[in-house]
J.: 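Quick one: the structure is below, questions incoming.
A note on names: the letters A, B, ... follow the listed sequences, proteins ahead of strands, and every chain is numbered from 1. All figures in this text were calculated on a predicted structure; none of them were measured in a lab.
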Amino acid sequence: MATVLIPSGNQHFPVQDYDLDATLNSGQVFRWREYGESWCGVIGSRWVRLCANDRSIYAETANPVSDWSWLTRYLQLELNIGSVLATFPVDEPMQAATAACRGLRLLRQDPWECLASFILSSSKQIVQIQQIVSLLCERYGERISVLPGYRPAHAFPSATRLGQLTETDLRGCKMGFRAAYLLETAHALAAGLFDLARLDSLSVDDARAELMRLPGVGRKIADCVLLFAYGFQSAFPVDVWVMRALRQLYFTGRSVSPKRLHRFAAEHFGPNAGYAQQYLFHYMRTGDVQRTKAKARVAKANGA
DNA sequence: TACCAGGAGAGCG
DNA sequence: CGCTCTCATGGT
């Protein structure tokens, strides 16, 4: 008797060293909401609810799924995190950061959504970015189905859709001066003047240079997109938090220019510098770095 | 109230 | 190259 594969809307994925909470809450993505023990979000045109424990991630969707590769790719479930951590320098700050953020991962996001989100991120706090992106999707994204009892969900609006709007429409989503940048970038993509898919085939430096041609995209935002959407793991976004982390942990608090920090990052952190950056960012932002330093002071006081 | 936020771009010397 | 200013809005 032939086995029939019946598409189902739920699936278990075994995992190891995967901290879903930290991963979805580490400033690399802005669309996930926590519901008690689970997270709800949208990947492409699919709504999904994720529930994690030490050994597995359980996924539920609103519609039956026969091929889960969209999810395994997004969550990077096939990645052996140990092989990444093994490339990190063995110094005190990285030891502390990787210990404090064990299981923190990088996602593989959709390039357009990632690009648009980070254009909106400039000089904004993470809670505000979430608010802006949420408004944008609710107003202009296509409605998608969710499991009974959950809040309505929307896909991220396409570049074509955003390109049809006015700057006033976008400013209505609280994005301020970023509206013009987002609109112009949407126009460039919608008109076919810029091809995000082509960046895959370029070197990291060429891909970065291409992204930086877009309005509202400088070095930092380009590096975020390279790292979070394309998987260029040497890309090293330097924002205020990472700047502070590097100064404090590697330059005895001295002021160092972003240019020098990029050179230091490439030399010191190696081929997965971007991954190391995410650990430092999260370590800094969660305040764990302060606790580690406090412990060190106590230990030193006791020892002396 | 003042300051800051996962910055970029323009103008200046 | 490096510095400074502005842009819009809300959190702390």
Side-chain angles (χ1 to χ4, degrees), chain A residues 22-32 97 101 104-107 109 111 113-136 139 165-188 194 208-230 232-249 254-263 265 269 273-290:
Chain A
T23 299
L24 298 182
N25 206 11
S26 60
Q28 57 180 312
V29 66
F30 307 101
R31 293 258 279 153
W32 291 87
C101 310
L104 176 60
R105 303 294 193 111
L106 288 181
L107 302 168
Q109 300 178 50
E113 176 171 346
C114 186
L115 170 63
S117 298
F118 277 95
I119 286 175
L120 298 176
S121 78
S122 81
S123 194
K124 276 289 178 195
Q125 295 182 138
I126 289 175
V127 281
Q128 280 184 277
I129 304 166
Q130 292 168 335
Q131 205 170 41
I132 295 168
V133 172
S134 175
L135 265 175
L136 186 66
R139 292 189 182 178
L165 303 177
T166 66
E167 187 177 331
T168 307
D169 294 332
L170 293 180
R171 282 179 179 258
C173 298
K174 311 295 183 189
M175 63 184 72
F177 61 84
R178 302 155 196 84
Y181 292 147
L182 182 58
L183 190 56
E184 285 184 55
T185 291
H187 282 155
F194 195 101
R208 181 187 299 111
E210 280 298 296
L211 284 170
M212 289 177 66
R213 288 174 46 213
L214 294 166
V217 182
R219 174 70 191 255
K220 190 271 173 180
I221 289 175
D223 279 335
C224 283
V225 177
L226 292 173
L227 184 61
F228 302 144
Y230 289 94
F232 285 108
Q233 299 199 2
S234 65
F236 193 91
V238 176
D239 73 326
V240 290
W241 288 97
V242 173
M243 176 108 62
R244 275 201 283 266
L246 294 180
R247 281 182 185 175
Q248 185 176 326
L249 300 171
R254 294 204 315 280
S255 171
V256 187
S257 72
K259 196 182 183 87
R260 290 191 50 177
L261 289 181
H262 279 122
R263 190 151 44 81
F269 296 111
Y275 230 105
Q277 171 275 160
Q278 195 64 12
Y279 277 79
L280 292 172
F281 176 81
H282 196 63
Y283 181 49
M284 202 70 184
R285 204 172 70 85
T286 55
D288 286 333
V289 64
Q290 312 300 340

J.: Roughly, in whole Å, what's the span from CD1 in I119(A) to P in dG9(B)?
T.: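 It is 9 Å, rounded to the nearest whole Å.
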J.: Of the listed nucleotides (dA8(C), dG11(C), dT9(C)), which one gets closest to any side-chain atom of R171(A)?
T.: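 Ranking dA8(C), dG11(C), dT9(C) by closest atom to the R171(A) side chain puts dA8(C) first.
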J.: Give a yes or no on whether a donor-acceptor pair under 3.5 Å exists between the nucleobase atoms of dG11(C), that is its base, and the side chain of Q131(A).
T.: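 It does not, because no donor-acceptor pair links the side chain of Q131(A) to the base of dG11(C) below 3.5 Å.
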J.: Parallel, tilted or perpendicular: which describes the rings of H262(A) and F236(A), with under 30° parallel and over 60° perpendicular?
T.: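 The arrangement is perpendicular - the two ring planes meet at more than 60°.
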J.: Students often get this wrong, so: under 4.0 angstrom with heavy atoms, is Q277(A) touching a base, only sugar-phosphate, or nothing?
T.: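 Since a base atom lies under 4.0 Å of Q277(A), the category is base.
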J.: Taking atom P in both dG2(C) and dG6(B), compute the distance separating them and give it to the nearest angstrom.
T.: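 Nearest-Å result for dG2(C) against dG6(B) at atom P: 25 Å.
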J.: For S121(A), answer base if it contacts any base atom (sugar-phosphate contacts may also be present), sugar-phosphate if it contacts only those atoms, and nothing otherwise; contact means non-hydrogen atoms under 4.0 Å.
T.: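 Sugar-phosphate contact only.
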J.: Please state the P separation for the pair dT6(C) and dC3(B) - nearest whole angstrom.
T.: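 Taking atom P in both dT6(C) and dC3(B), they lie 15 Å apart.
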J.: Distance check needed: dA8(B) P versus M243(A) CE, whole Å only.
T.: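 Those two atoms, CE and P, are 11 Å apart.
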J.: Let me know the distance between CH2 of W241(A) and P of dG6(B), rounded to the nearest Å.
T.: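 Rounded to whole Å, this separation is 7 Å.
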J.: Do the non-hydrogen side-chain atoms of M175(A) and Y181(A) ever get within less than 4.5 Å of each other?
T.: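 Not in contact.
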J.: Is the phosphate of dG9(B) approached by R213(A) (side-chain N or O, under 4.0 Å from OP1 or OP2)?
T.: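 No, because none of the side-chain N or O atoms of R213(A) sits under 4.0 Å from OP1 or OP2 of dG9(B).
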J.: Between dG7(B) atom P and M175(A) atom CE, what is the distance in whole Å?
T.: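 Whole-Å distance recorded here is 16 Å.
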J.: Looking at the rings of F228(A) and F118(A), which for Trp means the six-membered one, are their centres under 6.0 Å apart?
T.: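 Yes, close enough.
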J.: Quick one: label F228(A) by what it contacts on the DNA or RNA (base, sugar-phosphate, nothing), any heavy atom closer than 4.0 Å.
T.: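 Base: the residue F228(A), judged by heavy atoms under 4.0 Å, touches a nucleobase.
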J.: Is a donor-acceptor pair below 3.5 Å formed from side chain Q128(A) to base dG6(B), judging by atom type as modelled?
T.: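 Side chain to base: no pair present.
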J.: Between V217(A) and R178(A), name the one whose nearest nucleotide on DNA chain B is closer to the 5' end.
T.: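 Its nearest nucleotide lies further toward 5', so the answer is R178(A).
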J.: Rounded to the nearest Å, what distance is computed from the CG atom of residue L211(A) to the P atom of nucleotide dA8(B)?
T.: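 That distance rounds to 12 Å.
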J.: So, does K124(A) get its side chain near the phosphate of dA8(C), meaning an N or O under 4.0 Å from OP1 or OP2?
T.: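 No, K124(A) has no side-chain N/O under 4.0 Å of OP1/OP2 on dA8(C).
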J.: Side chain of K174(A) only, heavy atoms from C-beta on: which candidate in dG10(C), dG6(B), dG7(B) is closest?
T.: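 My answer, after comparing the listed nucleotides, is dG10(C).
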J.: Please figure out whether Q28(A) or Y181(A) has its closest DNA chain B nucleotide nearer the 5' end.
T.: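 Its nearest nucleotide being more 5', the pick is Q28(A).
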